[in-house]
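As the structure lists them, so they are numbered: ligands from 1, and atoms in each ligand from 1. Every heavy atom of this structure was used, including side-chain atoms; hydrogens, water molecules and symmetry mates were not.
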Amino acid sequence: MTLDIHRIRQDFPILDQKIHGNTLVYLDNAATSQKPNSVIQAITEYYSKYNANIHRGVHKLSEDATLMYEESRQKIQRFIGAKKSQEIVFVRNTTEAINLVAFTWGQQHIKAGDEILLTEMEHHSNMVPWQILAQDKGASLRYLPISPEGELIVDDLDVLLTEKTRLLAITQMSNVLGTINPIKEIVNKAHSIGAKVLVDGAQSVPHMPVDVQELNCDFLAFSGHKMLGPTGIGVLYAKEEILQEMPPYQGGGDMIRDVTWEASTWNDLPWKFEAGTPNIADVIGLGRAVDYLNALGMEQVLAYEHELAKYAINQLEDIEGLTIYGPMDKPRGGLISFTLDGIHPHDIASILDQQGIAIRAGHHCAQPLTEKLGAIATARASFYIYTTKDEINQLCDSILLAKKVFHL
Ligand code: C6P
């Protein structure tokens with residue numbers, strides 16, 4: 001089954017509008033995706049029909065809200081192949097999920113002299129929390145390098161994974177290069193020396209099948225807003241035995257079992273990590289986003305994005321003075337970062353905006369990587385299930401127009 005893109009587009013009301021007089025071409029999906037009607041409706045329905053706090057009331061509205069909230073958790077459990085729904089913790093986004101691990105598991109397990117291994121293609125969200133932790137504990141950070149083609153030099157793990165390595169924190173898909181990393185092989189190597197592995201799934205979970213049991217990763221972090229869901233909701237997956245041992249991240253309502261004047265005991269998983277009234281509406285919205293993706297099939301989503309990336313590379317390669325970053329002849333995520341001789345990426349993005357085309361320009365929260373690529377910034381076009389080849393043609397035409405504007 002192939003995706004019916006024109007049918008899919010009808011589910012996304014935002015796409016049907018003019019920007020500066022031109023039909024919107026939304027190519028900033030790696031930053032955040034658009035939302036289908038079903039997700040928007042799920043949120044409206046919650047607020048208009050059964051808005052109530054969860055896990056507290058015995059009244060009907062509270063029971064309904066609790067049911068829907070916990071049902072979303074089960075949908076997400078199945079979506080990523082987790083063993084139990086207790087392993088799914090709701091947080092705000094990928095960033096919060098990683099911080100949660102750094103400030104709980106990390107505080108517990110990282111000590112002076114330990115090493116945390118990252119890669120050169122990490123987003124700031126998978127660097128800065130580890131920098132803070134390492135500085136606090138007197139641990140050190142090491143980085144698995146990338147090749148000139150924008151792929152991890154996996155063989156270097158044999159040197160970089162040492163008996164001091166406690167954690168490897170790695171992205172499954174680069175938000176700058178589009179590289180898809182061989183996580184399973186990397187997890188096996190890290191586990192063989194006793195290190196835990198955190199996978200940043202911000203760019204992978206929305207775009208490809210991800211099965212945590214198959215990957216055997218210890219932690220997986222991802223955001224709802226990049227996978228058709230609302231903003232303000234994200235997920236931390238962790239193996240049950242690890243979550244059991246981790247101390248809570250925040251204290252307050254819902255995460256406790258018993259409280260006395262002196263001390264408290266903790267609720268069962270996963271609520272031990274969900275202090276206070278959670279983001280009920282957006283959890284329900286995320287559940288609906290998962291339904292939408294399941295109906296399409298993640299294999300199909302991945303195949304379509306591979307096709308789009310290949311098509312875009314073929315078109316963009318023909319533009320003189322344009323440099324594409326990341327693997328060129330391998331299946332890669334549906335995003336392309338590029339620079340154009342003589343025009344700053346921000347100027348490209350501004351000119352494209354005038355044509356109704358939304359792309360992102362900058363370091364994409366991966367400043368060290370962008371510097372390593374020898375660029376101050378890149379322009380990035382990122383695709384999703386509603387992107388058409390015609391939109392990629394428009395992107396290329398507008399880049400040619402930008403060259404004309406700059407007399408290049
Ligand atoms: N990257 C981009 O335009 P949050 O902001 O917490 O939802 O996601 C953070 C994050 C973590 N890891 C990776 C690989 C990411 O790509 C992102 C978000 C966006 O590339 C916003 S900077």
**Asked** When you look at CG of D16, are more than 12 heavy atoms from neighbouring residues, nucleotides or ligands closer to it than 6.0 Å?
**Response** no
**Message:** Less than 3.5 Å apart, any donor N or O on the side chain of T119 or E122 sitting next to an acceptor on the other?
**Reply:** yes
**Within reach of ligand 1, part of S223 (heavy-atom separation under 4.0 Å)** = side chain
**Message:** Could you tell me, atom by atom, which parts of ligand 1 come under 4.0 Å of a heavy atom of T94?
**Reply:** 6 (O), 8 (O), 11 (C)
**Asked** In the protein, what heavy atom is nearest to atom 21 (C) of ligand 1, and what distance, to one decimal place, separates them?
**Response** R360 NH1, 3.4 Å
**Request:** Kindly confirm or rule out an N or O of S125 lying under 3.5 angstrom from an N or O of ligand 1.
**Result:** no
**Request:** Please state whether the rings of Y386 and Y384 are parallel, tilted or perpendicular, taking 30° and 60° as the class boundaries.
**Result:** perpendicular
**Message:** Testing the 3.5 Å rule here: is there a donor-acceptor pair between the side chains of Q77 and K83?
**Reply:** no
**Prompt:** Under 3.5 Å, N or O to N or O, is E96 touching ligand 1 that way?
**Reply:** no
**Asked** Should the pair F12 and Y292 be assigned to parallel (<30°), tilted (30 to 60°) or perpendicular (>60°) ring geometry?
**Response** perpendicular
**Request:** Return yes when E122 approaches ligand 1 closer than 4.0 angstrom through a heavy atom, no otherwise.
**Result:** no
**SB check K330 E149 (cutoff 4.0 Å)** = no
**Message:** Between the side chains of E307 and K310, is the shortest nitrogen-to-carboxylate-oxygen separation below 4.0 Å, so that they form an ion pair?
**Reply:** no
**Complete:** Looking only at protein heavy atoms, what sits closest to atom 12 (N) of ligand 1 is D200 OD2, 2.5 Å
**H225 heavy atom under 4.0 Å from ligand 1** = yes
**Request:** Please report which non-hydrogen protein atom sits nearest to atom 16 (O) of ligand 1, along with the residue it belongs to and the distance in Å to one decimal place.
**Result:** Q203 NE2, 2.7 Å
**Item:** Shortest protein heavy-atom distance from atom 15 (C) of ligand 1, along with the residue and atom involved
**Value:** H123 CD2, 3.3 Å
**Asked** Just which atoms of ligand 1 are under 4.0 Å from any heavy atom in A202?
**Response** 10 (C), 11 (C), 12 (N), 13 (C), 15 (C), 17 (C)
**Message:** If the test is side chain to side chain donor-acceptor pair (under 3.5 Å), which one of N93, T231, T32 qualifies with H225?
**Reply:** T32
**Asked** Are the side chain of S62 and the backbone N or O of N53 linked by a donor-acceptor pair below 3.5 Å?
**Response** yes
**Asked** Which protein heavy atom lies closest to atom 18 (C) of ligand 1, and at what distance to 0.1 Å?
**Response** K226 NZ, 2.9 Å
**Message:** Can you tell me how the ring of W105 sits relative to the ring of H109, calling it parallel under 30°, perpendicular over 60° and tilted otherwise?
**Reply:** parallel
**Request:** Identify, by atom number and element, the atoms of ligand 1 in contact range of C365, meaning under 4.0 Å from any of its heavy atoms.
**Result:** 22 (S)
**Close-contact set for ligand 1 against N175 heavy atoms, below 4.0 Å** = 1 (N), 2 (C), 16 (O), 20 (O)
**Fill in**
atom 5 (O) of ligand 1 sits nearest the protein heavy atom T95 OG1, 3.8 Å
**Request:** Number the atoms of ligand 1 from 1 as they appear, then name those within less than 4.0 Å of a heavy atom of T171, with their elements.
**Result:** 14 (C)
